[in-house]
Number of protein chains: 2
Amino acid sequence: MIGVMPRQAEAERNDRALLEAAREVLAVDGAHASVASIAARAGVGIGSLYRRYRSKTELFQHLVEIALDQWTEIAERGLAHDDPWDGLVHYVTSAVGIGSLAPLAGMVTITDEMAEKNARSDKAFAALIDKAHEAGVLRADVTAIDVLLLVEQLGKSPLIEQLQRQGREDLLEAARDARRRVIAIALDGLRPSDHPLPGDPPGMDLFSERWA
Amino acid sequence: MIGVMPRQAEAERNDRALLEAAREVLAVDGAHASVASIAARAGVGIGSLYRRYRSKTELFQHLVEIALDQWTEIAERGLAHDDPWDGLVHYVTSAVGIGSLAPLAGMVTITDEMAEKNARSDKAFAALIDKAHEAGVLRADVTAIDVLLLVEQLGKSPLIEQLQRQGREDLLEAARDARRRVIAIALDGLRPSDHPLPGDPPGMDLFSERWA
DNA sequence: TAGGGCCGGAGCGTTTCGCTCCGCAACCCA
DNA sequence: TGGGTTGCGGAGCGAAACGCTCCGGCCCTA
């Protein structure tokens with residue numbers, strides 16, 4: 001460890017490192033992410049991981065709980081923006097940073113508390129979309145689910161994940177800059193447009209059973 | 001097997017099924033995709049897989065070769081379009097269908113022939129981008145690499161992959177429709193815009209060592 | 001300096017892996 | 001129709017990777 005550090009502070013730092021490492025490894029390795037790789041990426045022994053969490057599942061459970069908090073906060077903060085477009089941009093760019101937790105579907109159990117938080121998040125997000133629609137800054141033929149799918153699509157970054165797998169830390173910053181440009185392109189596609197979207201708006205059922 | 005079928009025709013059908021299954025499983029499971037799951041999804045025994053390919057690596061190698069051919073064909077066909085914008089749309093929508101083979105990086109060896117084909121594909125794609133720029137249908141601040149990254153980003157579909165993992169075949173068609181809308185949104189973001197992209201255009205080095 | 005608590009990681013049993021090999025069924029030719 | 005051949009599916013092998021336990025040793029405290 002670098003320098004002197006009180007015990008409690010180190011434990012706290014380790015816990016944060018574990019959660020971040022878990023997210024990164026999960027993005028790269030998907031559902032097959034191993035506890036050994038998570039601990040290694042966090043710069044922590046396996047033993048420390050198992051002192052904090054009783055099992056791999058429990059760690060993932062905690063990860064989902066935190067993500068739900070973040071999604072709610074992001075949606076409500078975006079809704080609080082004066083400019084609806086800025087609020088939407090804030091939501092998309094922030095949500096993309098959280099990353100997709102889809103690989104965890106089926107591994108975690110959804111508590112009532114989590115379902116409630118999820119509903120709250122959805123509600124704020126729907127209000128944000130409505131606000132943008134009313135202000136005329138969001139194309140009329142796009143629905144909240146379209147935007148959610150777009151965010152999820154932007155959440156995973158194949159290039160960044162591959163560079164992480166290869167350990168090319170030197171290129172990561174450039175890749176992240178490039179990703180911001182791609183996100184900006186996609187966001188521009190959400191502005192009012194004369195070119196209508198194909199097909200019918202997607203139904204809610206696509207998202208309703210995501211964590212089943 | 002269903003009905004009577006000559007031996008050679010069945011073998012050919014099996015090979016095609018194997019390649020398609022390999023692509024699907026690879027998209028869902030990433031680099032950890034197992035031969036057993038590939039064979040099962042193709043509706044074929046493991047033995048048949050190993051009669052056609054000497055190893056898992058050889059199958060993946062073949063997959064990359066085919067993808068290179070497809071990329072080249074798509075780029076040259078897009079370039080041949082009279083309307084540059086239609087050509088670009090054709091390229092993006094088709095390339096997205098091929099899917100990302102990024103997980104295979106490091107598992108396959110790049111032959112000179114493959115490198116040459118890749119160069120040919122890149123050249124046609126660059127010409128396609130130039131043509132669109134000159135016609136003024138593609139936003140000026142976007143580079144060929146931006147578009148490549150966008151295509152790669154759109155290539156993976158977390159929702160579809162998750163539904164496949166869960167075996168929810170009933171929702172797959174709706175998910176694919178929804179995905180087409182997301183792609184259309186992103187494509188609209190490529191049209192000329194008054195809102196400049198952030199940062200500097202990405203460098204070629206991001207893609208140069210992809211298969212290292 | 002003596003003690004206690006937290007650390008990293010070796011190693012357990014289990015699962016999953018890539019791959020081989022063989023019994024059986026389908027087809028061809030006499 | 002019957003014997004030979006060809007290609008099929010999948011049981012099972014050794015090896016590798018997995019989740020998790022447990023303990024020797026280091027660091028902090030007093």
Side-chain angles (χ1 to χ4, degrees), chain A residues 1-26 28-64 103-104 106-109 165, chain B residues 1-26 28-64 103-104 106-109 165:
Chain A
M1 213 53 58
I2 301 170
V4 180
M5 190 181 256
R7 302 289 267 247
Q8 190 180 349
E10 178 176 341
E12 206 169 309
R13 194 203 70 100
N14 280 353
D15 190 29
R16 243 193 297 274
L18 271 176
L19 288 169
E20 186 179 331
R23 259 215 297 250
E24 291 172 357
V25 174
L26 207 66
V28 173
D29 293 340
H32 300 72
S34 69
V35 287
S37 58
I38 292 174
R41 175 165 274 270
V44 155
I46 300 176
S48 298
L49 190 155
Y50 275 95
R51 206 170 310 104
R52 178 70 184 80
Y53 301 98
R54 272 176 297 191
S55 69
K56 180 182 173 179
T57 302
E58 191 173 300
L59 168 61
F60 286 161
Q61 185 91 15
H62 194 195
L63 215 56
V64 173
L104 295 184
M107 304 178 76
V108 298
T109 60
R165 234 190 327 259
Chain B
M1 214 55 56
I2 302 169
V4 180
M5 189 180 256
R7 302 289 266 246
Q8 191 179 348
E10 177 175 339
E12 206 168 309
R13 194 203 70 99
N14 280 352
D15 190 29
R16 243 194 297 275
L18 271 176
L19 288 170
E20 186 180 330
R23 259 216 295 251
E24 291 173 356
V25 174
L26 207 65
V28 173
D29 293 342
H32 299 72
S34 69
V35 288
S37 58
I38 292 173
R41 175 165 274 269
V44 155
I46 300 175
S48 300
L49 190 156
Y50 275 96
R51 206 169 311 102
R52 178 69 185 81
Y53 301 97
R54 272 177 296 192
S55 69
K56 178 182 173 181
T57 302
E58 192 173 297
L59 168 61
F60 285 162
Q61 184 91 15
H62 194 195
L63 215 57
V64 173
L104 295 183
M107 303 178 76
V108 298
T109 60
R165 234 190 326 257

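Not measured: the values here are computed from a predicted model. Note on naming: letters A, B, ... go to the chains in the order of the sequence lines (proteins, then strands), and numbering restarts at 1 for each one.
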Rounded at 0.5 Å granularity, tell me how far [atom1] in [X] sits from [atom2] in [Y].
X	Y	atom1	atom2	value
B:Arg13	B:Leu18	CZ	CG	9.5 Å
A:Gln61	A:Thr109	CD	OG1	4.0 Å
A:Leu49	A:Leu59	CG	CG	5.5 Å

Nearest whole Å is fine: how far is [N] [atom2] from [X] [atom1]?
X	N	atom1	atom2	result
B:Leu49	C:dC19	CG	C1'	10 Å
B:Arg13	D:dC8	CZ	P	11 Å
A:His32	C:dT15	NE2	C1'	12 Å
B:Asn14	C:dA26	CG	P	15 Å
B:Tyr53	D:dC8	OH	P	13 Å
B:Met107	C:dC17	CE	P	13 Å

Between A:Glu20 and A:Arg16, is there a side-chain N and carboxylate O pair less than 4.0 Å apart?
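A:Arg16 and A:Glu20: not salt-bridged.
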Considering all heavy atoms, the nearest [X]-[Y] contact:
X	Y	answer
A:Phe60	A:Ile38	CE2-CD1, 4.1 Å
B:Ala42	B:Ala17	CB-O, 3.6 Å
B:Lys56	B:Ser34	NZ-CA, 4.5 Å

Where along residues 18-26 of chain B does a heavy atom come under 4.0 Å from DNA chain C, residue by residue in number order?
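Correct list: empty, so none.
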Check this one for me: any side-chain N or O of B:Ser48 less than 4.0 Å away from OP1 or OP2 of D:dG9?
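Result: yes.
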Strictly under 3.5 Å: I want the nitrogen or oxygen pairs between protein and nucleotides 20-22 of chain D, one per line.
residue, atom, partner, partner atom, Å
D:dC20, OP2, A:Tyr50, OH, 2.7
D:dC20, OP2, A:Lys56, N, 2.8
D:dC20, O5', A:Tyr50, OH, 3.4

Are B:Asn14 and B:Arg52 side-chain neighbours, meaning at least one heavy-atom pair lies under 4.5 Å?
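The answer is no; the side chains never approach within 4.5 Å.
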Going by the angle between their ring planes, with limits at 30° and 60°, are B:Tyr53 and B:His62 parallel, tilted or perpendicular?
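Geometry flag for B:His62 against B:Tyr53: tilted rings.
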For a quick check of understanding: with a heavy-atom distance under 4.0 Å over all strands, which category does B:Ala33 fall into, base, sugar-phosphate or nothing?
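Counting heavy atoms under 4.0 Å across all strands, the contact made by B:Ala33 is with sugar-phosphate only.
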